[in-house]
There are 2 protein chains.
Amino acid sequence: MSSCDTCVVRNRAICAGLDNQEIAALNTMGRRRAVSAGEPLIWEDDDSLLVANVIEGVLKLTTSTEDGREQIVGVAYPSDFIGRPFGQTSKASVVALTDARVCVFARNDFDRFAREHPELEHKLLERTLAELDRTRSWMMLLGRKTAPEKIATFLLEMSERLNETGCAVKLGPARRFSLPFSRQQVADVLGLTIETVSRQFTKLKNDGVIELPSRREVEILDRPALVSLAG
Amino acid sequence: MSSCDTCVVRNRAICAGLDNQEIAALNTMGRRRAVSAGEPLIWEDDDSLLVANVIEGVLKLTTSTEDGREQIVGVAYPSDFIGRPFGQTSKASVVALTDARVCVFARNDFDRFAREHPELEHKLLERTLAELDRTRSWMMLLGRKTAPEKIATFLLEMSERLNETGCAVKLGPARRFSLPFSRQQVADVLGLTIETVSRQFTKLKNDGVIELPSRREVEILDRPALVSLAG
DNA sequence: CGCCCGCCTTGACGGATATCAAAACGCGGC
DNA sequence: GCCGCGTTTTGATATCCGTCAAGGCGGGCG
């Protein structure tokens, strides 16, 4: 058994529809890799870029301007795909927010395998379409929402996302959760500054909408208020 | 011959890899439809949503808040796909910016056809990935760029996009082009107000970077300056 | 040809958020 | 337990851009 067995096998969302032989073939191509919090997932060779599948942890996809401004353009949770099959390099860089484990593939291998396995391509298409939808609704937030609305929307999304991807299957969104983001990273997601994020968090706490037990912990006290603030 | 023959056959990007018989099958499912400037492309039935392929013209995809703020989250040019195969309704509404012709498919028909034709799904995947890349670089613009940077980036993108999709095959980006957007729509793309857009256009004109022969026409006089302003 | 209406431009002003600065907090190491 | 450093919070001020309000331009129609 290769050390990467569980990488793909675990990923039900991707493997549904593939038979065991196909899954085994995928596994032999993939290499498991651990990335600790704060570390970049380096694309070792510009030409044979990698594709990766998140097994555990949360990673950020960012783009930056030359003068150092940063925008987080995507967040990858377990079972999400990272990278850009069938294309030239996308300019986003990938950094782990928490300790993470991923399964990486050489792009060429992956591309060939995908083209030979329509079922896999179909899954990739569905996921990419879903990601595009999410990204588009985030454009609305970035372009048209105010700081308080951005923060409220962010907290609601977090409470849903972190629940979906959590180990325990719970119904409904989480009431209390641990943010995988620092204040600065929250600012980079929302197109704000760290000071504005901090002030808005404090205001929500003072208004009794949320509680902040520690720097990374959030507890939602008044979800309807948050929904109404989200605009 | 169905009235929709040319819809799909023309679309080389999608049809490459499909044989004539497959293309014919696609054609019998599609229905050609004209949409004049300003008209919405209505999704007639919420459950059997449509997928469409742009033949000619430019359309906008927008999302709005309840209180009427609007954000353009995507722009569809000829050969682009609109709609959401394999999923529930995406909340974006589609409105033609110019007179347009599209080829519409019932979603269920289209989905079934796509699943039976991996080559088509592959093309869709490639296009969706490319669109996701574009959307992500737009997030950077919305979240982190200033108004002058947004305008400069927008003009450069327009000069490239309108050239690619123009009838005549020219090399390099267009120096002069006709915007398919009103000032308000430019504002809705960039997350600005119409007044700010207008002021920035005027400033670029006064600085000798662009010329504005008429309301919709733009001529780029100093591309390097624009590139430098784009950030 | 001239009028009218919608779109665009321009101006004055205010407010939301960025920027700059410093204090407070909290966590890990000694 | 205490110290030190990075992160967060808080405060004061600046600025960009949004808002409100008037014109001005141009295209279409009578």
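Lettering of chains follows the sequences in order, A, B, ..., and the numbering in each one begins at 1.
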**Prompt:** So what does A:Thr202 hit on the nucleic acid, given a heavy-atom distance under 4.0 Å: a base, only sugar-phosphate, or nothing?
**Reply:** sugar-phosphate
**Message:** Using a heavy-atom cut-off of 4.0 Å across all strands, would you classify B:Ser214 as base, sugar-phosphate, or nothing?
**Reply:** nothing
Gap between atoms [atom1] and [atom2], on [X] and [N] respectively (whole Å):
{"X": "A:Ile194", "N": "D:dT10", "atom1": "CD1", "atom2": "C1'", "value": "12 Å"}
{"X": "A:Lys203", "N": "D:dT10", "atom1": "NZ", "atom2": "P", "value": "13 Å"}
{"X": "A:Glu195", "N": "D:dT9", "atom1": "CD", "atom2": "P", "value": "11 Å"}
{"X": "A:Glu217", "N": "D:dT8", "atom1": "CD", "atom2": "P", "value": "14 Å"}
{"X": "A:Arg216", "N": "D:dG6", "atom1": "CZ", "atom2": "C1'", "value": "12 Å"}
{"X": "A:Gln184", "N": "D:dT9", "atom1": "CD", "atom2": "P", "value": "12 Å"}
{"X": "B:Glu149", "N": "D:dC17", "atom1": "CD", "atom2": "C1'", "value": "14 Å"}

**Prompt:** So, does the side chain of A:Arg215 form a donor-acceptor pair with the base of D:dT7 at under 3.5 Å?
**Reply:** yes
**Message:** Looking at B:Gln200 and D:dC17, is any side-chain donor or acceptor paired with a base atom of the opposite kind under 3.5 Å?
**Reply:** no
NZ/NE/NH1/NH2 to OD/OE distance under 4.0 Å, [X] and [Y]:
{"X": "B:Arg84", "Y": "A:Glu126", "result": "no"}
{"X": "A:Lys205", "Y": "A:Asp207", "result": "no"}
{"X": "B:Glu70", "Y": "B:Lys60", "result": "yes"}
{"X": "A:Glu219", "Y": "A:Arg175", "result": "yes"}

**Message:** Go nucleotide by nucleotide along DNA chain C from the 5' end; which of B:Val197 and A:Leu192 gets its closest nucleotide reached first?
**Reply:** B:Val197
**Side chain A:Ser228, main chain A:Pro224, donor-acceptor under 3.5 Å** = no
**Request:** Find which nucleotide of DNA chain D each of B:Arg199 and A:Lys205 is nearest to by heavy atoms, and output the residue with the more 5' nucleotide.
**Result:** A:Lys205
**Asked** Is it the case that B:Arg223 and B:Ser159 place a side-chain donor and acceptor less than 3.5 Å from each other?
**Response** yes
**Message:** Using ring centroids (six-membered ring only for Trp), state whether A:Phe154 and A:Phe201 fall under 6.0 Å.
**Reply:** no
**Prompt:** Going 5' to 3' along DNA chain C, which nucleotides are the first and last within contact of chain A (any atom under 4.0 Å from a heavy atom)?
**Reply:** C:dT17 to C:dG26
**Prompt:** Do the side-chain N or O atoms of B:Thr196 get closer than 4.0 angstrom to the phosphate oxygens (OP1, OP2) of D:dC17?
**Reply:** no
